[in-house]
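Quick notes on the structure that follows.
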Amino acid sequence: MEFNNILVKTSNSISYITINRPKQLNALNSETITELNTAITYSEKNNEVRCIILTGGGEKAFVAGADIKEFAGFNTIQGENLARKGQEILFDLLENCSKPTIAAINGFALGGGLELAMSCHIRVASTNAKMGLPEVSLGVIPGYGGTQRLANLVGKGKAIELISTAGMISAEEALQWGLVNTTCEQLELMSICEKIAIKICRNSPKAISSAIKSVNAGFIDGVDGYEVEKTEFGKCFGTDEFIEGTTAFLEKRKANFN
Ligand code: CAA
């Protein structure tokens, strides 16, 4: 696969996707969003991949937001379409990915950049990272799911404060807020993400997929997450991985889910 804006490699069951526009602080233009859709869809279908790590190229930014130059002249219809299409082909895709996705936040994660990180299942931030949803300073609001996902992660009060002040918080504050899972020095960021990914790769991919679906179900209006959990729990009993996992336990050996 040839890409202009992202780098993709797979190693030891981990797909590494790097948004690679460092001169623009990895701002998400529409081509980058389409390329991310292709790479994530491919990684999800590829049986060799068990986990996806998403990061930004260079040392300064994860992603500094949607590409402001690209949408500056948009009208209301184009604005709504930008949000609709982006949410559908990237942000919702990531959140509902059947394989765990880890955002390695290596610098600025602003606007669409923080929205991208929040669509991932797990977030690790380096201590130089700065996070915020500064869209109201541009006369617009977060349009890639930020109003919803930030409130889900940190609560309504902190979400409205961060959004309406257009402020930025440090990695340390983000950890206190529950916005990121952990923090580390920038040099350690990839190895910390890989440690998490390696643990994930040892477990049943089918069970992990069911768990993600069940957790996500609890955040969908009108869907009973407990019901989804019961169904997904039942489905696990019909998988080869359930037989392998339980048999391995009873035989006092490590399960092999390859
Ligand atoms: N879109 C387009 N270009 C961007 C960008 C963005 N979101 N963020 C940074 N860049 C570009 C800058 O224009 C600059 O390009 P030039 O060298 O060609 O002038 C280059 O990246 C470097 O940026 P700065 O010179 O501004 O770097 P800095 O260190 O002085 O500041 C920053 C860093 C604080 C992150 C600053 O770049 C900034 O505030 N960026 C915009 C952040 C933002 O408002 N994000 C929200 C975007 S809107 C959105 O995301 C909508 C949505 O939800 C759908």
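As the structure is a computational prediction, the values presented were derived from the model and not from experiment. Atoms within each ligand, like the ligands themselves, are counted from 1 in listed order.
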Between [X] and [Y], do the side chains contain an N or O donor and an N or O acceptor separated by less than 3.5 Å?
X	Y	result
Arg21	Asn4	no
Asn46	Ser43	no
Ser98	Ser209	no
Asn20	Thr18	no
Ser214	Glu229	no
Glu244	Asn256	no

What protein heavy atom sits nearest [atom], and how far off is it?
atom	answer
atom 44 (O) of ligand 1	Pro134 CG, 3.6 Å
atom 52 (C) of ligand 1	Glu135 OE2, 3.5 Å
atom 42 (C) of ligand 1	Ala64 O, 3.3 Å
atom 4 (C) of ligand 1	Gln24 O, 3.9 Å

So, for [atom], does the protein have a heavy atom nearer than 4.0 Å?
atom	answer
atom 28 (P) of ligand 1	yes
atom 24 (P) of ligand 1	no
atom 31 (O) of ligand 1	no
atom 36 (C) of ligand 1	no
atom 7 (N) of ligand 1	yes
atom 50 (O) of ligand 1	yes

* Asked: Between the candidates Lys23, Arg21, Lys69, which shows the shortest non-hydrogen contact distance to atom 18 (O) of ligand 1?
  -> Lys69
* Asked: Considering Ile68, Asn26, Leu25, which one's heavy-atom position lies nearest to atom 1 (N) of ligand 1?
  -> Ile68
* Audit row: Leu162, Leu150, side chain to side chain contact (heavy atoms under 4.5 Å, CB included) steps and yes/no -> CA-CA 9 Å; Leu162 190 66; Leu150 185 63; 3.9 Å; yes
Which of the numbered atoms in ligand 1 are below 4.0 angstrom from a heavy atom of [X]?
X	result
Gly111	46 (C), 50 (O)
Glu115	52 (C), 53 (O)
Leu110	35 (C), 42 (C)
Pro142	53 (O)
Gly143	52 (C), 53 (O), 54 (C)
Asp67	1 (N), 2 (C)
Gly112	49 (C), 50 (O), 53 (O)

* Pi-cation contact, Tyr16 with Lys9 (under 6.0 Å, within 45°) -> yes
* May I have the step-by-step check of salt bridge (Lys or Arg N to Asp or Glu O under 4.0 Å) for Glu161 and Lys158, ending in yes or no? => CA-CA 5 Å; Glu161 181 188 339; Lys158 282 193 156 59; over 6 Å; no
Region of [X] engaging ligand 1 - heavy atom pairs below 4.0 Å:
X	answer
Leu138	side chain
Ala66	both
Lys60	side chain

Salt bridge or not between [X] and [Y]? Use side-chain N to carboxylate O under 4.0 Å.
X	Y	answer
Asp92	Arg149	yes
Lys235	Glu232	yes
Arg84	Glu88	no
Lys99	Glu44	no

